[in-house]
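All remarks here apply to the structure that follows.
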Protein chains: 2
Amino acid sequence: MTTISAEPRTCSVARTLEVVGEKWALLALREVFLGNRRFDEMVRKTGAPRDTMTARLKTLVATGILERRPVSEHPPRFEYRLTKAGLDLYPVIVSLMQWGDRYLANGDAPPMVLTHSCGHALGAVTTCSSCGEPLLARDVRPTPRRENDDDIST
Amino acid sequence: MTTISAEPRTCSVARTLEVVGEKWALLALREVFLGNRRFDEMVRKTGAPRDTMTARLKTLVATGILERRPVSEHPPRFEYRLTKAGLDLYPVIVSLMQWGDRYLANGDAPPMVLTHSCGHALGAVTTCSSCGEPLLARDVRPTPRRENDDDIST
DNA sequence: AGCAGTAAGTCCGATAACTGGACGTACTGG
DNA sequence: CCAGTACGTCCAGTTATCGGACTTACTGCT
């Protein structure tokens, strides 16, 4: 009875990284979140090679994170807009930024400050949706599975 | 008066991605968060080439995200443990997982469920630390700077 | 003692991806 | 007509990644 090699774990982290797990993809998204939806702008503000940006945008569109829509017919111009799925990647971007502000700042002020609509500078906290407490790694465990951990029963 | 090219924006997202902005680095971290701290285990569970894993772990250690500590002298064995900085990357991993669960599940159940110490299955919500509201991209704006946006005054 | 096995890497050659820069096309505005 | 912008594509050179074999240092079994 052959067991399918359970080894490389397929989890949602891995799946997500197949799509956005690369510097330029995430930086392109950062720009879109900042309101810059045009190809050249993304290239300039991120520093990505145009080729690479083309490729990343293509997969972001293919996965339904961005939508490429014409914004002018006659000089053919396009805009990349966030879909619902794209908007939901905001926590990823914000947590990356938050971490960088804390640990890569070299004592300088953060290079960019965001303001929340409540009027304060943004600090993001990831919380448990059930109890509302800030999320700490030590408070979280994989839920034990009914079946063998390495094998899925028929 | 030469202005430093303001073009490729240096923000904390970019800085953070220089360190963890790659699939295998994040997947290695996922494993450490799940309690697998050994080289071979990370290789097996992530599917990364051993070479690449070596390289990633090296930079994670160099940046102070992981600590490589001997766990046995005589068969020389090592363990990679999260530092404080490493633990603070938890929100990044969790948001990636969360997003994958929502958008890459194909209607299947999430491949892994986490349980929070409050007793419920983990759903993570990123909130504003000032007002506590769930964070939506549309409620956040870059804080206007005093000086020109592209130039830093002397 | 001899053999199998594990842990933690290193080394290798083939392939794939990334890179910067030049180029193409389709326009607008002066 | 010329300069400029937007949105790419094409190229050739460099770098990174990949899977697999190999090394070193042990332990445990027979």
Side-chain angles (χ1 to χ4, degrees), chain A residues 4-10 14 17-29 31-32 34-63 66-81 150, chain B residues 5-10 14 17-29 31-32 34-63 66-82 150:
Chain A
I4 303 126
S5 150
E7 285 313 42
R9 201 196 286 276
T10 35
L17 289 173
E18 288 302 321
V19 188
V20 295
E22 200 270 344
K23 200 168 49 156
W24 303 126
L26 266 329
L27 289 183
L29 287 176
E31 287 309 315
V32 184
L34 290 172
N36 300 321
R37 315 181 226 273
R38 308 288 290 276
F39 183 84
D40 263 31
E41 215 158 4
M42 297 189 208
V43 167
R44 275 205 315 280
K45 297 272 176 62
T46 61
R50 313 177 69 79
D51 251 14
T52 309
M53 185 56 77
T54 304
R56 291 304 171 277
L57 290 175
K58 209 159 282 184
T59 90
L60 290 174
V61 169
T63 335
L66 293 178
E67 192 193 342
R68 179 173 181 271
R69 64 162 70 156
V71 74
S72 134
E73 275 289 323
H74 261 302
R77 290 299 118 91
F78 303 92
E79 219 178 50
Y80 292 88
R81 316 214 76 192
D150 286 343
Chain B
S5 149
E7 287 312 43
R9 201 195 287 275
T10 36
L17 290 174
E18 288 303 320
V19 189
V20 295
E22 200 269 344
K23 201 169 47 156
W24 303 126
L26 266 329
L27 289 183
L29 288 175
E31 286 310 313
V32 185
L34 290 171
N36 300 321
R37 315 181 225 275
R38 309 286 290 276
F39 183 85
D40 263 32
E41 214 158 3
M42 296 191 211
V43 167
R44 275 204 315 280
K45 297 272 176 63
T46 62
R50 311 176 70 79
D51 251 13
T52 308
M53 185 55 80
T54 304
R56 291 302 172 277
L57 289 175
K58 208 159 281 181
T59 90
L60 289 174
V61 168
T63 334
L66 293 177
E67 191 192 344
R68 178 174 181 272
R69 63 162 71 155
V71 75
S72 136
E73 276 288 324
H74 261 302
R77 292 295 122 94
F78 303 92
E79 217 178 53
Y80 292 88
R81 315 214 77 193
L82 290 157
D150 287 343

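The analysis underlying the following values was restricted to heavy atoms, covering all of them including side chains, and did not include hydrogens, waters or symmetry mates. Nothing here was measured: the structure is a model prediction, and the numbers come from that model. The sequence lines fix the lettering, A, B, ..., with proteins before strands; numbering per chain opens at 1.
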(request) Among C:dA7, C:dT19, D:dA25, find the nucleotide with the atom closest to the side chain of A:W24. (result) C:dT19
(request) Mind calculating the distance between NZ (A:K58) and P (C:dC18) to the nearest angstrom? (result) 14 Å
(request) Rounded off to whole Å, could you give me the CZ-to-P distance for the B:R44 and C:dA7 pair? (result) 6 Å
(message) Can you tell me if B:Y80 touches the phosphate of C:dA7, counting only side-chain N or O atoms and a distance under 4.0 Å to OP1 or OP2?
(response) no
(message) With side-chain contact (heavy atoms from CB on, under 4.5 Å) as the test, pick out the partner of A:V32 among A:M42, A:R81, A:E79, A:R38.
(response) A:M42
(request) Can you tell me the distance, in whole Å, between the CE atom of B:M53 and the P atom of D:dT17? (result) 12 Å
(message) Whole angstroms only, please: what is the NE2-P distance between B:H74 and C:dA8?
(response) 17 Å
(request) Measure distances between side-chain N and O atoms of A:R77 and base N and O atoms of D:dA6, and say whether any donor-acceptor pair falls under 3.5 Å. (result) yes
(request) Measure from the side-chain heavy atoms of A:P75 and tell me the nearest of D:dT17, D:dC7, C:dC27. (result) C:dC27
(request) Measure distances between side-chain N and O atoms of A:D51 and base N and O atoms of C:dC18, and say whether any donor-acceptor pair falls under 3.5 Å. (result) no
(message) If I take atom CZ in residue B:F78 and atom P in nucleotide C:dT10, what distance separates them, rounded to the nearest angstrom?
(response) 11 Å
(request) Take A:R37 and A:E31 through the salt bridge (charged side-chain N to carboxylate O under 4.0 Å, His left out) test and state the conclusion after the steps. (result) CA-CA 7 Å; A:R37 315 181 226 273; A:E31 287 309 315; over 6 Å; no
(message) Side chain of A:R38, heavy atoms from C-beta onward: which of C:dA7, D:dA6, D:dT17 has the nearest atom to it?
(response) D:dA6
(request) Tell me whether the guanidinium CZ or amine NZ of B:R68 lies under 6.0 angstrom from the six-membered ring centre of B:F78 and within 45° of its axis. (result) yes
(message) Of the options D:dT17, D:dA6, C:dG20, whose atoms approach the side-chain atoms of A:P49 most closely?
(response) C:dG20
(request) Let me know the distance between CE of A:M42 and P of D:dG8, rounded to the nearest Å. (result) 9 Å
(message) Nearest to the side chain of B:R56, heavy atoms from C-beta on, is which of D:dC18, D:dA16, D:dA6?
(response) D:dA16
(message) Using whole Å, what does the distance between atom P of nucleotide C:dG9 and atom CD of B:E79 come to?
(response) 12 Å
(message) Looking only at the side chain of A:R68 (C-beta and beyond, no hydrogens), which of the listed nucleotides C:dA7, D:dT9, D:dC7 gets closest?
(response) D:dC7
(message) Can you see if the side chain of A:T52 gets near the phosphate of C:dA17 - specifically, an N or O under 4.0 Å from OP1 or OP2?
(response) no
(request) State, yes or no, whether a side-chain contact exists between A:L60 and A:V20 at a heavy-atom distance under 4.5 Å. (result) yes
(request) Consider the side chain of B:P76, meaning its heavy atoms from C-beta on, and name the nucleotide among C:dA17, D:dA25, C:dG9 that approaches it most closely. (result) D:dA25
(request) With DNA chain C as reference, determine whether A:E73 or B:T54 sits nearer its 5' end, using the nearest nucleotide of each. (result) B:T54
(request) Could you state the atom-to-atom distance from CZ of B:R50 to P of C:dC11 in whole Å? (result) 14 Å
(message) Please check: side-chain N/O of A:T63 versus main-chain N/O of A:T59, any donor-acceptor pairing under 3.5 Å?
(response) yes
